[in-house]
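In what follows, a single structure is set out as C-alpha cells and then discussed.
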There are 2 protein chains.
Amino acid sequence: MEKVEYNLDQVDLQILRIMQQNARTNNADIARELGMAPSAILERVKKLEHKSVILDYHTQINPDALDQKMLSFIFIKSHDNIGDQRVGLLLAKIPEVLEVHDIAGDDGYLIKVRTSDSGGLVDLMRNTLSQIEGIISTRTTIVLETVKESHKLVIPNS
Amino acid sequence: MEKVEYNLDQVDLQILRIMQQNARTNNADIARELGMAPSAILERVKKLEHKSVILDYHTQINPDALDQKMLSFIFIKSHDNIGDQRVGLLLAKIPEVLEVHDIAGDDGYLIKVRTSDSGGLVDLMRNTLSQIEGIISTRTTIVLETVKESHKLVIPNS
DNA sequence: TCTGAAACACGCGAAGG
DNA sequence: CCTTCGCGTGTTTCAGA
C-alpha cells in the first residue's frame, strides 16, 4: 500500500461537508457560503477529484422503485490465501453484489447483495455463486427492514 | 406499509441510469443524450424526487482521506420484539453507524460502522453502544480490505 | 492559491399544443 | 407530457496579484 498525503485544509473539509450533503450543490452556492470566488471552488473540487478524495457523485435511488426489495448479507468462506483475492474479485464482478469485504478470522468475505425477491436470491446463488471455484461455504443473513442506510462519513472539525 | 405506484417508463429508467452513474450530469447533457428538451428532463427529475424514487445526491468520499480506515460490521442481539425498533432507532442516531438493518433469525440488527482505527471502534462500543438499553450481546466482524463498495443498483432494461 | 472579467452554457419557469 | 423561448444565473478559462 502506498503512502498518500491528502493534506486537506479547513476549506477542503467545508467543501466536502457541503457536497456530501448534496452532490448537486453548485459552485456558486458553495462560493457564497464560504465567501470565495466560484473559480477558486472549482479549482479545489477538481483537485479533490484528482487526489481521489472525491471518488464519485452518486444518485441514491429507492430500491423499492426498481423492484429490488430484497437485501441480504452473505458470508463466504473461500480457499483464497491471505493477500490473494481471486474469489473476491470474481464476486465483485456480479452486478447484484454491491459490496465485497475481505474479513478477518474466517478466510472469507462478507458481501452485500440486492435482488428483486427471495427467488432472485436463490437464482443468484444457484446460477452465479455456484459457478465460482474456490467457495467452500456460504451463510446468508436476510434483511427484514433497513432502518438506516447512509453513505455519509463523519467529517472532522479540523 | 403503503402501496405506492412508481410507474417508471423507459425514459425515467434512462435518466436514472445516467444520474446513478454521475449525479452531477446536467439536464442539458441528459436531454441531448435522450433527444429531448432540457425542461422535459427537469420536470421528470423533479417528479422522481417527489415520488421518492430519487432519495439523495451524494458525494462518495474516500474514507482514507478522512482518516476513517476502519470498517466493521456488528451483529447486535436486542430485546426488541418483532415490529418494535427501539434499539434500531437509537443505533441509527450514531453518526459512525452508517447502516442499521433489522435481520431475520436472531432478534437482532446488523450495523455497519466506520471509525478511525480499532481504538475508535473500542471507544464507540464502550462509550456509546453500552449506553443503549436492551442490547443483549454483540458480535463484531472486522473488515481487512474492501474489494468493492458500490451503491449502484441494477437498473432493468424494461 | 486566490480574484475578477468575459464568453459561453445552463436552469427553470411561462406559454402553448 | 412535450416543445420553444427568454432572462437570470452558473461554469469555466485565463490573466494577474
Side-chain angles (χ1 to χ4, degrees), chain A residues 3-62 64-67 152-153 155-158, chain B residues 2-62 64-67 153 155-158:
Chain A
K3 178 73 181 174
V4 188
E5 275 304 326
Y6 293 106
N7 281 326
L8 306 180
D9 66 13
Q10 292 293 344
V11 176
D12 290 324
L13 292 177
Q14 293 197 68
I15 292 174
L16 291 175
R17 217 172 278 128
I18 293 168
M19 305 237 319
Q20 186 176 237
Q21 218 55 41
N22 180 2
R24 299 203 105 192
T25 310
N26 62 39
N27 292 334
D29 280 345
I30 299 175
R32 269 189 288 273
E33 196 158 337
L34 303 189
M36 293 170 67
S39 47
I41 304 296
L42 179 67
E43 240 176 47
R44 277 172 178 268
V45 170
K46 287 249 155 90
K47 220 177 222 171
L48 290 169
E49 291 170 355
H50 268 104
K51 289 198 285 188
S52 292
V53 174
I54 291 176
L55 299 177
D56 200 7
Y57 301 105
H58 160 255
T59 299
Q60 190 177 349
I61 299 172
N62 188 337
D64 283 4
L66 295 178
D67 255 315
K152 290 171 182 152
L153 304 182
I155 300 185
N157 280 324
S158 58
Chain B
E2 302 149 42
K3 177 73 182 175
V4 188
E5 275 305 325
Y6 293 106
N7 279 327
L8 306 181
D9 66 11
Q10 291 293 344
V11 176
D12 289 324
L13 292 177
Q14 293 198 67
I15 292 174
L16 290 175
R17 216 173 277 129
I18 293 169
M19 304 236 321
Q20 186 175 237
Q21 219 55 41
N22 180 1
R24 298 203 106 191
T25 310
N26 60 40
N27 293 333
D29 280 345
I30 299 175
R32 269 188 289 273
E33 196 160 336
L34 303 189
M36 293 169 67
S39 45
I41 305 295
L42 178 67
E43 241 176 46
R44 278 172 176 268
V45 171
K46 287 254 154 87
K47 221 179 222 170
L48 290 170
E49 291 170 355
H50 269 104
K51 289 197 285 188
S52 292
V53 174
I54 292 176
L55 298 176
D56 199 7
Y57 301 104
H58 159 254
T59 299
Q60 190 177 351
I61 298 173
N62 188 339
D64 282 4
L66 294 179
D67 256 314
L153 304 181
I155 300 186
N157 280 323
S158 57

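All figures in this text were calculated on a predicted structure; none of them were measured in a lab. We name chains A, B, ... by the order of the sequence lines, and we start the count at 1 in each one.
Here the P atom of nucleotide D/dT12 and the CG atom of A/Leu42 are 5 Å apart, to the nearest Å. Atom P of nucleotide D/dC2 and atom NZ of B/Lys46 are separated by 15 Å, given to the nearest angstrom. Separating the NE2 atom of B/His50 from the P atom of D/dC1 is a distance of 14 Å, rounded to the nearest angstrom. In this structure, the NZ atom of B/Lys47 is 7 Å from the C1' atom of D/dC1, given to the nearest Å. Note: CD (B/Glu43) to P (C/dC12) measures 13 Å, nearest angstrom. Straight-line distance from the CD1 atom of B/Ile41 to the C1' atom of C/dG13: 16 Å, rounded to whole Å.
If you take CG on B/Leu55 and CG on A/Asn62, they are separated by 4.5 Å, rounding to the nearest 0.5 Å. Residue A/Leu66 holds its CG atom at 6.5 Å from CG of B/Leu16, rounded to the nearest 0.5 Å. With rounding to the nearest 0.5 angstrom, the OG1 atom of A/Thr25 is 11.5 Å from the CD atom of A/Gln20.
Of the residues in residues 24-39 of chain B, those lying under 4.0 Å from DNA chain D by heavy-atom distance are B/Met36, B/Ala37, B/Ser39.
Taking every heavy atom of both residues into account, A/Tyr6 and B/Ala65 meet most closely at CD1-CA, 3.5 Å.
Of the candidate nucleotides D/dT13, D/dC2, C/dT3, C/dT3 has the atom lying nearest to any side-chain atom of A/Ala40.
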Item checked: CA sep, side-chain torsions, deciding dist, call: B/Asp56, A/Lys152, salt bridge (Lys or Arg N to Asp or Glu O under 4.0 Å) -> CA-CA 11 Å; B/Asp56 199 7; A/Lys152 290 171 182 152; 3.0 Å; yes

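Looking at B/Asp29, its side chain never comes within 3.5 Å of a backbone N or O of B/Asn26 through a donor-acceptor pair.
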